[in-house]
Amino acid sequence: MTNHYIDIKNADVILIMGSNAAEMHPISFKWVLRAREERGAKIIHVDPRFTRTSALADHYIALRSGTDIAFLGGMIKYILENKKYFEEYVRDYTNASFIVDEKFSFNDGLFSGYDPAARKYDKSTWAIKVDEKGIPQKDPTFENPRCVLQMLKAHYSRYDIDKVSSITGTPVEDLKTVYELYASTGVKDKAGTELYALGWTQHTVGVQNIRAMSIIQGLLGNMGIAGGGINALRGEPNVQGSTDHAILSHILPGYLKAPVASLTTLEEYLKKNTPKTSEPQSANWYQNTPKYMVSLLKAWYGDKAVKENDFGYANVPKLDDGQDATVLNMIDKMYEGKIKGFTCIGQDPAVSLPNANKVRQAFTKLDWMVHVNIFDNETASFWKGPGLDPKKVKTEVFLLPAAASMEKEGSMSNSGRMLQWKYTAEKPPGDALSVGDILYRLVNKLKDLYKKEKGAFPDPIVNLVWNYGDAKGHYDALATSKAVNGLFLEDVTIGDKTFKKGQCVPGFGNLQADGKTSCGNWIYSGAFAADGTNLMARRKKDDPTGLGLYPEWGWAWPVNRRILYNRASVDKNGQPFDPSRPLLKWVDGKWVGDVPDGPWPPLSDKEKGKLPFIMKPDGVASLFGPGLADGPFPEHYEPLEGPLAKNPMSSQLNNPAIKIFTKECDLYSGCDPKFPFVCTTYSCTEHWCTGAETRWQSWLTEAQPEAYVEISRELAELRGIKNGERVRVESPRGKVECVAMVTTRFRPFQVGGQTIHQVGMTFNYGWLFPKDCGDTANLLTPTAGDANTMTPEYKAFMVNVTKV
Ligand SMILES: Nc1nc2c(c(=O)[nH]1)N[C@H]1C(S)=C(S)[C@@H](COP(=O)(O)OP(=O)(O)OC[C@H]3O[C@@H](n4cnc5c(=O)[nH]c(N)nc54)[C@H](O)[C@@H]3O)O[C@H]1N2
Ligand SMILES: Nc1nc2c(c(=O)[nH]1)N[C@H]1C(S)=C(S)[C@@H](COP(=O)(O)OP(=O)(O)OC[C@H]3O[C@@H](n4cnc5c(=O)[nH]c(N)nc54)[C@H](O)[C@@H]3O)O[C@H]1N2
Ligand SMILES: [Mo]
């Protein structure tokens, strides 16, 4: 979230699109309702299915799965053509006035630079024109037809409301309602927020869904303000923490880029990954990358990391150039037999990953699997699953009993980037250990082994700092957190302050690029005060701004800033655009309110003032965003499997930049009459994700006992299916037998003159337990992912539904 949970109460219009917030994120929804109670906020829910979120919204608006860019493209057109945008903000704080390079073009669904053989773009023409000093050329009058605002207008002029309606299946009147209501926040004294989750991310155009909304929020001046922002409601407990700490293959902790093989020295890595700017008033925060990277290497390799050996950079595993090591590719390689061992901690991928038949087959190619869990599940027991003969599966599985979350101490990071310290409530049962303890012991064993046997390249293991144990040899969460926060390795004087060796680094502004500090994750630096006080454990309820920032409750990254980009909430003189919601204010030479996004004075100070979007090299929000794999402007493409044979927007049916998998089990139906219905998947209130945790609870399985498919009354009639009857749901990749839930929650869509039916299933069930509860919807879903992140397209694919 750019903002945080409590801040939702400050919004005037709340657009929930891509999430079932009431059922999946009840904490966020409490503040949604508070906004309506306290300030009369309007709530809009845009979702193909009517849910408990819809039931409490002022406007429930239906759209066909996978058509959000068309919906939002129409909104961008509406905002631009009716001049609903916040002009001052757009001119000064976004790249709307920047001039786009002449070589950039867009034609019939393709941006310039497309290579059809590689299914990739050469992005060199997606550029802003710069002057001889390297500063972006601008036209603040917006008259130049090549300025971003005009290019945006031209691109979205194609998204007229009738066409949008014929793609999304949303009635024109409903589109108008949303466009008018949401665009009403493009003024100084109104704030609009957006809440999304998987309804947006789980598509082959997932990132561009979010980009489309970022453009809208930029145009309306809704970024960096109280009650605004783009707010990803994160899923698993601490999934925010897991991404911050890089439990992902393309980044290092704190979102530093993962090194690739061709960058063989630290100097090359830093040169490639430290952005430069010529914009005089840009803070270009990532210019500090060397301080963060060197401090990270010091945290990992300690005394063994010295300038002479590149601070141990050679020890860091490297991706091959261009390699994508995300999960769909990992399973694909496993399926090929190229991966021998698999460590699976707190997951049930046999149920949660797409094309589950492929995943389960892939597991049979492994020599071993280590599974760390609090229960057995379909992954740990895959070898005795449906269709497999245990005698023929060679994989050896080790199931290690883990402590559950309430049985261990540590920090949890919520969606609002807030870290809260929690304590052990109960000892783990039997031999169960926390995952921290398991990893701590495992690496110690590995170190012993490498010390003894050496091996081809022992340094990364042998030299790793691994002092995370307490006196009794147990994993110590507090000591680990301090290492993450960062420590002074020598006495260091910064400005008028001297820090002693061994003290905690009180914020990333103090990190050094010369090896005098260590820090396991720069964005978490400051979670401890210099004297070692754990700020994540704070529980003070003061709220000086009245906006719900509660600055002394827990600690939020970065540097306890509660709302990102908050310098965009003030004008060039540092005065709040909306004095009734003053998030930040420049008073007598200092900032009052939230922790400002950088200490500098307001922008009107031509010498020291900085632009508000400090993480961007040019200091402003990107309406033209050249960084993504699939285009600088979001464009509507149909899902990889959709009901239309032709994309009404262009000749490109699907996102041209996605990877197509080609194993024999990677079957795609295209627009095939054998699979006529759109299917989407989701979770339910009563279960958690795969259900591997919740299906063991008798009261939850009583409430939601077995797999079901939700179908509309119209479809039920068409297929002669009655509520409660058993049906077969089938895709080219598999089938699931389950109960039909005939409901008005789904309604057919009118799309391009045809009636399109959509159905929905949860992915909460597996064959293991309870007996005969059915199996996962992921037996149906395709191995297909977003062009940028590879997040699977779980939310839109094609099926058939027949009575058993
Ligand atoms: N009770 C409970 N709570 C949970 C979870 C759980 O399993 N159970 N899971 C947690 C996790 S890990 C996560 S990631 C979050 C997920 O949180 P959400 O993303 O809110 O959860 P989903 O159930 O996937 O619901 C997403 C909604 O998107 C809709 N949708 C489908 N396709 C589209 C589309 O193309 N466009 C739009 N606009 N909407 C679409 C679906 O109908 C559904 O209502 O929830 C978390 N909270
Ligand atoms: N079709 C479809 N598929 C989806 C989605 C969808 O919307 N549709 N959503 C996707 C999303 S957003 C997510 S997050 C994934 C979730 O997919 P998974 O992460 O595979 O599923 P979970 O059910 O959350 O698995 C949690 C496992 O962790 C175990 N566990 C619980 N607590 C602890 C603990 O303290 N320690 C350890 N070691 N183990 C523990 C549980 O017993 C369970 O086996 O599914 C994805 N798959
Ligand atoms: Mo999730």
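Just so you know, these numbers come straight off a predicted model, no measurement behind them.
Expressed to the nearest 0.5 Å, how far CE of Met223 lies from CD of Glu194 amounts to 10.5 Å. Gln652 CD to Asp108 CG: the interatomic distance, rounded to the nearest 0.5 Å, is 7.0 Å.
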Go through the steps for Asn764 and Thr694 under the test side-chain hydrogen bond (donor to acceptor under 3.5 Å, both in side chains), then give the verdict. CA-CA 9 Å; Asn764 301 138; Thr694 45; over 6 Å; no
CA sep, side-chain torsions, deciding dist, call: Val727, Arg719, side-chain contact (heavy atoms from CB on, under 4.5 Å): CA-CA 10 Å; Val727 291; Arg719 286 287 153 116; over 6 Å; no
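Residues Asp775 and Arg360 are paired through a salt bridge, judged by an N-O separation under 4.0 Å between the basic side chain and the carboxylate. Under the 4.0 Å criterion applied to side-chain N and carboxylate O atoms, Arg39 and Asp12 are assigned as salt-bridge partners. Between Asp324 and Lys659, no side-chain nitrogen of the basic residue sits less than 4.0 Å from a carboxylate oxygen of the acidic one, so the salt-bridge criterion is not met.
In the model, Asn655 has no side-chain atom that pairs as donor or acceptor with a side-chain atom of Thr204 under 3.5 Å. Side chains of Gln240 and Ser415: a donor-acceptor N/O pair is absent below 3.5 angstrom, by distance only. Side-chain N/O atoms of Glu23 and His25 include no donor and acceptor closer than 3.5 Å. A donor-acceptor pair shorter than 3.5 Å can be found between the side chains of Arg234 and Thr243.
Among Arg745, Arg49, His45, the one residue that satisfies the side chain to side chain donor-acceptor pair (under 3.5 Å) test with Ser54 is His45.
Heavy atoms of other residues, nucleotides or ligands lying less than 6.0 angstrom from CD1 of Ile27 number 12 at most. By the neighbour-count criterion of 12 heavy atoms within 6.0 Å, atom CZ of Arg747 is sparsely surrounded, having that number or fewer from other residues, nucleotides or ligands.
In this structure, Asp786 contributes its side chain and Thr791 its backbone to no donor-acceptor pair below 3.5 Å. Formation of a donor-acceptor pair under 3.5 Å by the Thr379 side chain with backbone atoms of Ala350 is found in this model. The backbone N or O of Ala21 lies less than 3.5 Å from a partner atom in the side chain of Thr53, making a donor-acceptor pair.
Taking the ring centre of Tyr159 as origin, the terminal cationic atom of Lys163 falls outside the region bounded by 6.0 Å and 45° from the ring axis.
At a threshold of 4.5 Å between non-hydrogen side-chain atoms, the residues Ile215 and Pro634 count as touching. Phe382 has its side chain out of reach of Trp767: every pair of non-hydrogen atoms, C-beta onward, lies at least 4.5 Å apart.
Using cut-offs of 30° and 60° for the angle between ring planes, the His155 and Phe111 rings count as parallel.
Tyr765 has its ring centre less than 6.0 Å from the ring centre of His687.
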